[in-house]
Number of protein chains: 2
Amino acid sequence: MSVQERKERERAGRERLIVATARELAEQQGWDAVTTRRLAERIEYSQPVLYSHFRGKREIIGAVALQGAAEMAMAVRAATSAADGPRARVTALARAYLDYAESNPAVYDAMFQLDGGLAFANEDTPEPLKDAFAALLESLGEVAGDGVHPGLFTEVFWAALHGLATLTRAGRLPPEDAERRVELLVDRLAML
Amino acid sequence: MSVQERKERERAGRERLIVATARELAEQQGWDAVTTRRLAERIEYSQPVLYSHFRGKREIIGAVALQGAAEMAMAVRAATSAADGPRARVTALARAYLDYAESNPAVYDAMFQLDGGLAFANEDTPEPLKDAFAALLESLGEVAGDGVHPGLFTEVFWAALHGLATLTRAGRLPPEDAERRVELLVDRLAML
DNA sequence: TCGCTTGTCTAGCGGTGCTAGGATCGAATC
DNA sequence: GATTCGATCCTAGCACCGCTAGACAAGCGA
């Protein structure tokens, strides 16, 4: 048994290495630079090894996306739990979300811009993604307002944050007014 | 002179053909299917001809994006000018925007998801893009609220629409509640 | 009719994601 | 300890990508 267990451990370790290396490479040089050849070279294995862990590049992106979702959920919960009152919580949530997107652009892309082959908004959505949405819902639900479905409100607020994150990073919005946009968003959308 | 003019006309016509064909192919099979080979085959010329009109694939995407921006500006203005009162105008604007994104996903991608090599949010932004933003500003500026900069408000509202458009189309948001999300967005963001 | 510019094509470069098939290595058996 | 045998990994190659150099032909002005 021990031999098999060791092999499984090594395999799992290598899989983590692949994901971490892909993520690192993507953050350094963008996802276009994450080719199977370069990735294989960095982990010091040949290309086909990647395909013994993942079906293809898409699945590697998906693995990075799941990692990111877990991290973002943590970041959002950490920010909101340190804030007092609904208003401070929502503001902290918005800042934490946008900060994460700005600090981890490649991971954010893996989650929401690229095709990682993940299911969304249905029952077989992976747990980390559902939990990340839950993290948003926890703080946003309380400011949805009377008669407004908390889930629906969370979706709209999330969409606004996503729009700000992507448009800002793509240079479609001038970066200097980012903070004022957040304030406007919180002031208007949340019922305080 | 006449010979040269005829040639220029033919050249301009072929350029329009390239852009139209790229757009058509992208809408039919997605941008991944728009390869220079396939595009060349469809217009019944060889690949290098494409490069005598555009610097590369990116510029072709950019040309489609500009076309889309002009169309979207028209669609938004048509919708808002047919509506009575600020509230109806904003709702019509939101619906027109999301409708355009849903009906022309490849063009929308060219504008906001892909790299078309276009400048944004600065002085050498192409006219159609500035005008599309202006079309939003015309109706959104009047509901920004006291003391809120109309441009900033338009940016936030636009970001929210963009988030709804992209997340819905990528399957991140369930499509059935789209209309309720629009109503919530208009109710809360606009000062009526 | 000739020369020349202009335009177009064929062919090919280095890269991509992905895979078939052979070599090698290590664990289990005799 | 030698031998079998299955798991594991790599070399080599496929079809395709964006893009370009250089050969070639067509149509213009002289």
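Residue numbers start from 1 in every chain, and the chains themselves are labelled A, B, ... in the order their sequence lines are given, proteins ahead of strands. This is a predicted model, so every value here is computed, not measured.
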side-chain contact (heavy atoms from CB on, under 4.5 Å) against R172(B), all qualifying residues, sequence neighbours excluded: F112(A), F120(A), W158(A), L167(B), A170(B)
Hydrophobic cluster (4.5 angstrom, side-chain heavy atoms) - remaining members for M74(A): none
Of residues 37-56 of chain B, the positions that come close to DNA chain D - non-hydrogen atoms, cut-off under 4.0 Å: R37(B), R38(B), Q47(B), P48(B), Y51(B), G56(B)
Between C1' of dC18(C) and NZ of K57(A), the distance in whole Å: 12 Å
Inter-end axis angle, the helix from dT1(C)-dA30(D) to dC30(C)-dG1(D), with every axis fitted to five base pairs (rounded, 10 degrees): 20°
Value in whole Å for how far the P atom of dG7(C) lies from CD of E10(B): 11 Å
Length of the CD1-P vector between I18(B) and dT8(C), whole Å: 10 Å
With sequence neighbours excluded, residues passing salt bridge (Lys or Arg N to Asp or Glu O under 4.0 Å) with E15(B): none
Which residues share a side-chain contact (heavy atoms from CB on, under 4.5 Å) with R11(B), sequence neighbours left out: R14(B), S52(B), H53(B)
Salt bridge (Lys or Arg N to Asp or Glu O under 4.0 Å) contacts touching residues 91-106 of chain A (sequence neighbours left out): R95(A)-E179(A)
Hydrophobic cluster membership, L173(A) vs L129(B), 4.5 Å side-chain cutoff: no
Presence of T36(A) side-chain N/O under 4.0 Å of dC18(C) phosphate oxygens OP1/OP2: no
R77(B)/E138(B) salt bridge by N-O under 4.0 Å criterion: yes
Set of residues satisfying salt bridge (Lys or Arg N to Asp or Glu O under 4.0 Å) with respect to R180(B), sequence neighbours excluded: D177(B)
N or O in side chain of R14(B) less than 4.0 angstrom from dT8(C) OP1/OP2: yes
Contacts of type side-chain contact (heavy atoms from CB on, under 4.5 Å), residue T166(B), not counting sequence neighbours: H162(A), Y108(B), Q113(B), H162(B)
R181(A): partners by salt bridge (Lys or Arg N to Asp or Glu O under 4.0 Å), with sequence neighbours left out: E155(B)
Any pair counted as side chain to side chain donor-acceptor pair (under 3.5 Å), so long as it reaches residues 115-130 of chain B, sequence neighbours left out: R58(B)-D115(B)
Nucleic acid contacts - residues 20-35 of chain B versus DNA chain D, non-hydrogen atoms under 4.0 Å: V34(B), T35(B)
